[in-house]
Structure formats: C-alpha cells, structure tokens
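Comments concern the structure below.
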Amino acid sequence: MNILVTGGAGYIGSHTCVALLEAGHSVIVADNLCNSKADTLDKVKRITNKEITFYEIDVTDEAAVDRVFSNHHLDGVIHFAGLKAVGESVEKPIAYYYNNIVSTLVVVKICQEYNVKRFVFSSSATVYGDNTVPFVETMNLLPTTNPYGETKAIGERILTDIAKANPAFSISLLRYFNPVGAHESGLIGEAPNGIPNNLMPYISQVAKGKLKKLRVFGNDYSTVDGTGVRDFIHVVDLAEGHVAALDNITEGVHIYNLGTGQGTSVIELVKAFEEANGIEVPYEIVDRRPGDIASCYADASKAKRELGWTAKHDVKSMCRDSWRFEKNYKE
Ligand code: NAD
Ligand code: UD1
C-alpha cells in the first residue's frame with residue numbers, strides 16, 4: 001500500500017516508517033519539522049535501504065495537503081502530526097487546539113475528497129483519565145488534566161462522527177501507553193528539545209551526565225512501592241502495532257490500546273535501567289507532579305484478538321535501546 005505518514009520524521013513516526021517499509025509498503029512523509037529533523041528520514045532510509053518521499057509541509061495547510069494527495073495514489077494515512085508536550089499545552093492552549101484539531105480535520109477532509117478510506121489516528125491512554133486499571137477500550141472516558149489530552153479526546157470524537165456519517169471510512173484510533181526505547185541500530189530514537197518532561201529520556205540524560213539526578217515525583221501513591229506505575233512499550237512494538245492496524249483495518253471506527261498490559265513503577269524502571277546498562281542513576285524523591293495519576297496500564301487483549309498484535313520487548317530491552325540511542329546522540 002501507499003501510505004501517507006504525517007509527522008513521520010518524529011519519534012514514533014520514524015519507527016513506524018521503518019516498520020511500514022520493512023513490511024513492503026511505500027511511504028510518503030508530510031512533516032513541518034517543528035519537533036524533528038529531516039536527517040531522521042535519511043537514517044530511516046539507511047536502516048531499511050528503501051526510499052521515502054518527503055514533503056516539508058504543515059498539515060494544517062489544506063492546499064499543501066491537497067498537493068500531496070494529487071501527486072500520489074494513496075491507500076491510507078497514519079496521522080501522527082501533532083504537538084505533544086503536556087506542560088506546554090497548558091501555557092499555549094490555542095497553539096495545541098489549533099494544530100492538533102485543525103491538522104486532523106484537514107487531513108481527514110482531503111481523505112474524503114480523494115476517497116482514501118483507511119485512517120489511523122495517534123491517540124493516547126491519557127483519554128482514560130483516572131479510571132481504574134487496567135484500562136479497557138469500552139470504558140467511559142474521563143476528563144484529562146490538560147489541553148493536550150483534550151485534543152486527543154476531541155480528535156477521537158471527530159473521527160467517530162465522521163465514520164458514522166461515512167460508513168465507507170475505516171478508522172483506527174490507537175491509544176498509546178508510554179512509548180520508550182529506540183531502534184536497535186541506535187540511529188533513531190527520542191530526542192526531546194530542552195529538559196525532558198518524560199521519564200525515560202530524563203533517566204537516559206542523567207545516565208549520560210547531562211542532568212544531575214532524577215526527581216521521582218511522589219512515593220506515596222497506592223502502588224507497589226509508592227511511585228507511579230506506567231505501561232512502558234517499546235517504540236518498535238508500537239510501530240509494528242500501526243502496521244497491524246493498517247493491515248487489519250475494516251469499515252467503521254475501531255479503538256485499540258497499544259500497550260504491554262504490564263505496569264512498571266518509576267523505581268522499578270530506574271532499577272531495570274541500572275541493571276540493563278550497568279550505570280547508576282542517582283535520584284531523589286520530590287513532591288507529586290500535578291495532574292499525574294497513580295497507575296496507568298492497558299488491557300491489551302483487544303489488539304491481540306483483532307489485530308494479532310502483541311508487544312514483544314521487555315523493560316530491559318527498552319532500557320538498553322534507549323541508552324544505546326542516548327549514548328550515540330549528538331545535538
Ligand atoms: P514527535 O513530536 O516526535 O512527532 C510529531 C511529528 O509531527 C514531529 O516530527 C513534528 O515535526 C510533526 N508535526 C507537528 N505538527 C505538525 C504539523 N502541523 N504539520 C506537519 N508536521 C507536524 O511526537 P511522537 O512522540 O512521535 O508522537 C506522535 C504522535 O503520537 C503525536 O500525535 C502524539 O501526540 C501521539 N502520542 C505520543 C505519545 C508519546 O509518549 N510519545 C503518547 C501518546 C500519543
Ligand atoms: C505523560 C502525559 C501524557 C502523555 C505522555 C507522553 C501527563 C499527566 N501525562 O504521561 O498525556 O501522553 O506523557 O508524552 O503529563 N516521572 C518522574 N520524574 C520525571 C518524569 C516522570 O518521577 O522526571 C514519573 C511521573 O510522575 C509518572 C511516570 O514517571 O509517574 C511517567 O511519567 P511520564 O514519562 O511523564 O509519562 P506520563 O505522565 O505517564
């Protein structure tokens with residue numbers, strides 16, 4: 001299939017380009033590089049020894065997106081493009097709502113105009129809010145604590161309404177849990193701008209000596225050791241989940257959790273990182289971070305049942321691959 005990957009130069013997008021190319025699909029990327037670099041796509045080409053067509057465009061620009069669709073016969077779209085920093089979204093709600101909602105509307109509108117029926121959307125486990133774990137696709141969604149999370153909940157609702165009105169559309173809403181790790185080549189991975197907000201990049205930068213020590217946000221949650229519990233998923237597994245979603249897509253709207261189904265606490269992750277890589281990660285316990293929940297992990301059985309997909313990598317390989325990338329990465 002010819003697949004348009006919006007946001008394909010980013011962290012999850014670039015790994016998904018690798019998985020798509022390895023599965024024999026052709027890939028066209030549309031990315032404005034607001035949070036990525038074009039040389040990531042050169043690395044994807046090096047890893048796969050295959051070509052990618054790249055458009056440096058903003059996917060909120062309808063005319064630019066239209067040009068891509070008119071240049072290619074597309075079979076489907078994976079829509080990753082979006083802004084994703086939770087804290088920044090609280091400070092810049094207009095930018096977040098505008099970019100994340102308008103990009104989705106523009107891309108799906110042009111899909112309809114060109115009769116491109118397969119559409120895969122990057123959603124997030126954040127839409128479950130503070131539900132009881134494990135999170136199941138049938139649960140009622142609860143409010144998130146920030147505009148970023150709301151853009152995902154709204155994106156899901158928009159696409160659900162579009163699927164209802166256009167029964168020929170095949171839409172997959174993929175709710176990612178906590179993607180970590182990197183391609184085993186060490187060439188592509190997560191390279192956040194500035195001081196990382198997320199746990200794994202923070203741990204890796206402490207290990208590298210770039211940051212002094214990890215601050216563990218709270219050890220008084222009702223979890224195994226009091227620290228937050230998350231469902232960390234290797235980004236390569238997540239990427240393969242997108243190929244499975246595309247390959248098995250059917251008419252209507254379908255929601256899938258992409259997680260491992262296993263919860264790991266912050267301290268457990270720190271210990272796993274230390275053991276996997278033989279490096280100490282100094283940390284201190286500080287206050288809880290506002291907006292955090294105690295536990296978040298998936299019931300991952302629907303994706304297994306309907307897509308034949310399960311995550312294969314364990315936490316140790318996530319730690320090893322994250323570190324290999326961080327060690328080699330030069331700004
Ligand atoms: P990322 O920032 O690495 O990738 C997003 C890409 O989209 C970047 O390359 C950026 O330049 C591009 N982009 C943003 N706005 C654009 C626009 N208007 N036009 C064209 N390109 C644009 O982020 P990621 O971690 O790869 O996340 C991909 C998607 O998955 C996002 O929608 C994100 O919200 C979602 N998601 C991520 C996580 C996570 O933990 N990383 C969790 C849940 C959901
Ligand atoms: C966060 C976002 C979520 C988003 C995801 C990926 C919030 C409330 N949620 O998820 O919407 O989809 O990132 O971008 O922000 N931690 C520390 N020290 C750190 C960093 C994190 O102890 O320096 C802890 C957190 O308190 C949490 C766990 O590590 O318990 C994971 O945090 P993080 O990696 O930021 O992901 P989430 O909060 O799960």
Side-chain angles (χ1 to χ4, degrees), residues 4-7 12-13 58-60 62 65 76-86 88-90 92-179 238 241-242 245-246 248-259 291 293 296 298-300 302-303 306-307:
L4 172 64
V5 183
T6 76
I12 306 170
D58 190 310
V59 297
T60 62
E62 199 173 322
V65 175
V77 175
I78 307 182
H79 180 45
F80 290 107
L83 301 174
K84 64 161 182 177
V86 171
E88 188 183 58
S89 80
V90 177
K92 300 179 181 169
I94 296 175
Y96 271 70
Y97 282 113
Y98 189 85
N99 193 65
N100 293 5
I101 304 299
V102 174
S103 65
T104 303
L105 285 170
V106 165
V107 177
V108 75
K109 175 171 180 265
I110 311 271
C111 277
Q112 186 173 337
E113 284 167 14
Y114 283 81
N115 206 22
V116 176
K117 294 182 180 129
R118 299 180 185 90
F119 192 94
V120 176
F121 178 65
S122 293
S123 188
S124 167
T126 196
V127 297
Y128 289 108
D130 200 0
N131 259 298
T132 309
V133 282
F135 296 161
V136 191
E137 289 89 344
T138 47
M139 279 175 161
N140 286 328
L141 302 186
L142 295 177
T144 68
T145 53
N146 56 79
Y148 163 74
E150 291 307 295
T151 68
K152 293 299 172 191
I154 294 168
E156 287 199 4
R157 286 207 296 278
I158 290 172
L159 292 167
T160 303
D161 287 342
I162 290 172
K164 271 188 213 149
N166 304 270
F169 256 123
S170 300
I171 297 181
S172 253
L173 309 177
L174 304 183
R175 293 180 180 159
Y176 314 154
F177 283 70
N178 289 57
L238 188 63
H242 290 75
L246 259 185
N248 294 286
I249 207 161
T250 54
E251 286 170 2
V253 65
H254 306 278
I255 305 175
Y256 297 103
N257 285 341
L258 296 184
I293 58 175
C296 168
D299 175 326
K302 186 179 177 196
E306 295 189 9
L307 306 178

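Computed from a predicted structure; not experimentally measured.
Put simply, CG on Leu174 and OG on Ser124 are 11.5 Å apart, with the number rounded to the nearest 0.5 Å. To the nearest 0.5 Å, atoms CG (Asn115) and CD1 (Ile110) are separated by 13.5 Å. In this structure, NE2 in His79 is found 6.0 Å from CZ in Phe121, a value given to the nearest 0.5 Å. Taking CG from Asn99 and OG from Ser89, the interatomic distance works out to 12.0 Å, rounded to the nearest 0.5 Å. Between the CD1 atom of Ile154 and the CG atom of Leu159 there is a distance of 12.0 Å, given to the nearest 0.5 Å. Taking OG1 of Thr160 as the start and CD1 of Ile255 as the end, the distance is 6.0 Å to the nearest 0.5 Å.
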Practice problem: Any chance you could lay out the side-chain contact (heavy atoms from CB on, under 4.5 Å) test for Lys164 and Asp161, step after step, and finish with the verdict? | Solution: CA-CA 5 Å; Lys164 271 188 213 149; Asp161 287 342; 3.9 Å; yes

Practice problem: With side-chain contact (heavy atoms from CB on, under 4.5 Å) as the test, would you mind laying out the steps for Tyr148 and Glu88 before giving the verdict? | Solution: CA-CA 9 Å; Tyr148 163 74; Glu88 188 183 58; over 6 Å; no

Quiz item: Would His254 and Leu173 count as a side-chain contact (heavy atoms from CB on, under 4.5 Å) if you check the C-alpha gap in whole Å, the side-chain angles of each, and the deciding distance to 0.1 Å?
Solution: CA-CA 6 Å; His254 306 278; Leu173 309 177; over 6 Å; no

Quiz item: Where do Arg118 and Phe169 land on the side-chain contact (heavy atoms from CB on, under 4.5 Å) test, with the steps shown first?
Solution: CA-CA 6 Å; Arg118 299 180 185 90; Phe169 256 123; over 6 Å; no

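Of the N and O atoms on the side chains of Glu251 and Ser170, not one donor lies less than 3.5 Å from an acceptor on the other residue. For the residue pair Ser122/Tyr176, the side-chain donor-acceptor check at 3.5 Å is satisfied.
Looking at Ile12 and His242, their side chains come closer than 4.5 Å, going by heavy atoms from C-beta outward. Using a 4.5 Å cut-off on side-chain heavy atoms (C-beta onward), Phe119 and Ile249 make no contact. Side-chain contact between Val120 and Val77: absent, with no pair of heavy atoms (C-beta onward) separated by less than 4.5 Å. A heavy-atom distance below 4.5 Å is found between the side chains of Thr151 and Tyr97.
For the residue pair Ala163 and Gly252, the shortest heavy atom distance occurs at CB-C, 4.2 Å. The two atoms that bring Thr60 and Ser103 nearest to each other are CG2-N, 3.7 Å, heavy atoms only. Taking each heavy atom of Ala85 and Tyr96 in turn, the nearest pair found is N-OH, 3.1 Å. Shortest non-hydrogen contact noted between Gly82 and Asn100 is CA-OD1, 3.3 Å. When every heavy atom of Phe135 is checked against every heavy atom of Gly129, the shortest pair comes out as CZ-O, 3.7 Å. What you find for Tyr256 and Ser172 is that their closest heavy atoms are CE1-OG, 3.7 Å.
At least one donor-acceptor pair closer than 3.5 Å links the side chain of Asn257 to the backbone N or O of Asp299. No donor-acceptor pair closer than 3.5 Å links the side chain of Thr144 to the backbone N or O of Val127.
More than 12 heavy atoms of other residues, nucleotides or ligands shown are found within 6.0 angstrom of NZ on Lys302.
A salt bridge does not link Glu137 to Arg175: none of the charged side-chain nitrogens sits closer than 4.0 Å to a carboxylate oxygen. Ion pairing between Lys152 and Glu156 fails under the 4.0 Å rule for side-chain N and carboxylate O.
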